[in-house]
A.B. asks: 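My structure is below; once you've seen it, I'll send some questions.
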Amino acid sequence: MRNPRTGQRGPDRKRRKLLLAAAAGSIALGGAAVVVPSAFAEEDPVSALLDDTAAMLPVDDDLLGLVDVGEVAELSESLTYADEADILKVSGPDAGYVKVHFERLLLNTGDFVTVSSPDGAESYRYDQSMIDAWATSITGDTAVVELHRESGGGGSSALGVLIDKAAYGFTADEVDGLARQRADNARPEESICEGDEKRASACYRTSHPEVVARAEPVARLLIDGTVLCTAFRVGEGNRLLTNHHCFTETEEAQGTEVWFGYDCTVCGADITNAPVKVQGSEVLATSKSLDYTLFTVDDFERVEEFGYLELADRPARSGEAIYIPQHPAGRPTEIAMESSVDGGNCVVKHETYDGYVAGSDISYYCDTEFGSSGSPVLSRDTHEVVALHHFGGCPNSGVNVQLIKNEIGRMI
């Protein structure tokens with residue numbers, strides 16, 4: 001093994017803001033987003049949306065919950081077949097994670113590259129040539145990139161791996177600070193509606209095992225190295241659902257990590273399970289008006305064991321008890337099921353509420369945070385998904401899944 005070289009972020013780090021909220025989807029009706037959706041609609045939402053001329057309502061971007069939880073730094077590092085070194089360390093002091101980006105990866109047949117943690121506990125193998133692709137993130141402040149080749153020293157400098165940038169995640173304390181700052185600087189009413197009553201899923205394993213079981217198909221998304229959302233498996237096949245404002249195109253899906261099994265092992269402790277990380281693959285359908293994106297993942301067989309959720313066949317009812325499994329601020333799975341605003345349980349406040357279009361949503365006071373976008377809202381009675389969470393505002397709101405199912409039910 002030869003001596004490693006080190007690529008490290010410098011003092012002039014460049015933050016890269018991903019403007020996902022402004023992206024238009026292939027089925028979008030179009031429109032701007034500028035104000036808070038606060039009033040619920042009087043008309044029937046299905047009738048309104050069947051009309052292709054239904055107007056998009058103005059929406060305050062702050063409600064969407066997209067916050068950078070890392071920064072991207074430009075690099076110029078390589079491991080080629082002409083180099084003596086076969087190991088490169090990419091480090092960001094105190095980073096919560098490191099995610100390297102391959103400008104190109106060109107390999108001879110049988111050769112491969114690994115990206116690993118220094119202790120080898122986390123490691124990902126790449127044996128196919130690729131261009132402009134993110135590697136899977138490594139938890140901690142250092143990623144070790146190693147070129148494994150059958151031939152010895154010497155060879156073409158055109159072959160190997162070229163790393164042009166890396167994303168460095170903020171620490172957990174920094175992310176928590178962003179959450180507090182967002183709450184302090186935003187509107188008087190927040191997505192956390194009256195004290196944070198969400199709890200880690202581990203805290204409900206004994207008292208509500210059926211609820212915890214429905215949290216298993218819910219995944220954490222890390223988009224383009226720095227942006228968080230939530231998604232969930234829907235139906236038996238390789239289908240996942242998240243928000244349109246999280247991402248809209250196949251290229252964005254392929255730059256998205258999808259984490260399953262990211263949970264606390266014990267209630268009240270910070271020890272977590274090692275998540276199963278797969279990459280997004282293909283966007284099958286997307287809509288700005290209903291704020292959904294249906295997509296697939298690579299290596300589906302690795303996450304099939306986490307099960308799936310089903311979309312309800314009937315609309316949510318006012319006063320119906322609900323819960324929301326989610327990854328707020330990218331943390332391990334938390335469940336919003338209790339609400340002092342509602343006198344105990346989270347319930348549906350308005351069964352018809354404005355979203356991107358009039359009457360598309362239901363509302364509730366279940367607590368959510370940035371990173372919770374794309375979470376399922378489930379009925380406590382049937383454990384079926386009744387809404388796709390997407391807005392804060394207290395009440396918070398999610399798209400009525402009846403409307404989404406009308407459009408993509410045949411694809412699930």
A.B. asks: Considering residues, nucleotides and ligands other than Lys277, do more than 12 of their heavy atoms fall under 6.0 Å from its NZ?
C.D. replies: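 Counting other residues, nucleotides and ligands, NZ of Lys277 exceeds 12 neighbours.
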
A.B. asks: Does any donor atom in the side chain of His350 or Ser363 lie under 3.5 Å from an acceptor atom in the other side chain?
C.D. replies: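 Indeed, the side chains of His350 and Ser363 share at least one donor-acceptor pair under 3.5 Å.
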
A.B. asks: For Thr286 and His244, does a side-chain donor sit closer than 3.5 Å to a side-chain acceptor?
C.D. replies: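 Note: Thr286 and His244 side chains meet the donor-acceptor criterion.
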
A.B. asks: Under 3.5 Å, is there a donor on one side chain and an acceptor on the other for Tyr292 and His390?
C.D. replies: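 No pair is found: no donor N or O on one side chain lies under 3.5 Å from an acceptor on the other.
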
A.B. asks: Assess the side chains of Gln326 and Ser372: does a donor N or O sit below 3.5 Å from an acceptor N or O?
C.D. replies: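 The answer is yes; a qualifying pair exists.
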
A.B. asks: Do Asp381 and Ser379 get their side chains close enough for a donor-acceptor pair, meaning under 3.5 Å?
C.D. replies: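 Asp381 vs Ser379: no donor-acceptor pair found between side chains.
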
A.B. asks: Between the main-chain N or O of Gly330 and the side-chain N or O of Arg220, is there a donor-acceptor pair closer than 3.5 Å?
C.D. replies: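 Between the backbone of Gly330 and the side chain of Arg220 there is a qualifying donor-acceptor contact (under 3.5 Å).
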
A.B. asks: Is any NZ, NE, NH1 or NH2 atom of the basic residue among Arg104 and Asp164 found under 4.0 Å from an Asp or Glu carboxylate oxygen of the other?
C.D. replies: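 No, Arg104 and Asp164 are not salt-bridged.
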
A.B. asks: Quick check on the 6.0 Å ring-centre criterion: do Phe391 and Tyr356 meet it?
C.D. replies: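 Yes, ring centres under 6.0 Å apart.
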
A.B. asks: Got a sec: does the CD1 of Ile271 have more than 12 other heavy atoms crowding it under 6.0 Å?
C.D. replies: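 Not buried by this count: 12 neighbours or fewer within 6.0 Å.
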
A.B. asks: Which pairs with one or both residues in residues 124-142 pass salt bridge (Lys or Arg N to Asp or Glu O under 4.0 Å), sequence neighbours excluded?
C.D. replies: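 Sorted pair list: Arg125-Asp127.
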
A.B. asks: Under a plain distance cut-off of 3.5 Å, with no hydrogens placed, do Thr136 and Glu257 share a side-chain donor-acceptor pair?
C.D. replies: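 No, because no side-chain N or O of Glu257 sits under 3.5 Å from a partner of the opposite role on Thr136.
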
A.B. asks: For the cysteine pair Cys193/Cys366, does the gap between the two SG atoms stay under 2.5 Å?
C.D. replies: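 With an SG-SG separation of 2.5 Å or more, Cys366 and Cys193 do not form a disulfide.
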
A.B. asks: Do the side-chain N and O atoms of Glu252 and Thr248 include a donor-acceptor pair separated by under 3.5 angstrom?
C.D. replies: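 Side-chain D/A pair, Glu252 to Thr248: present.
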
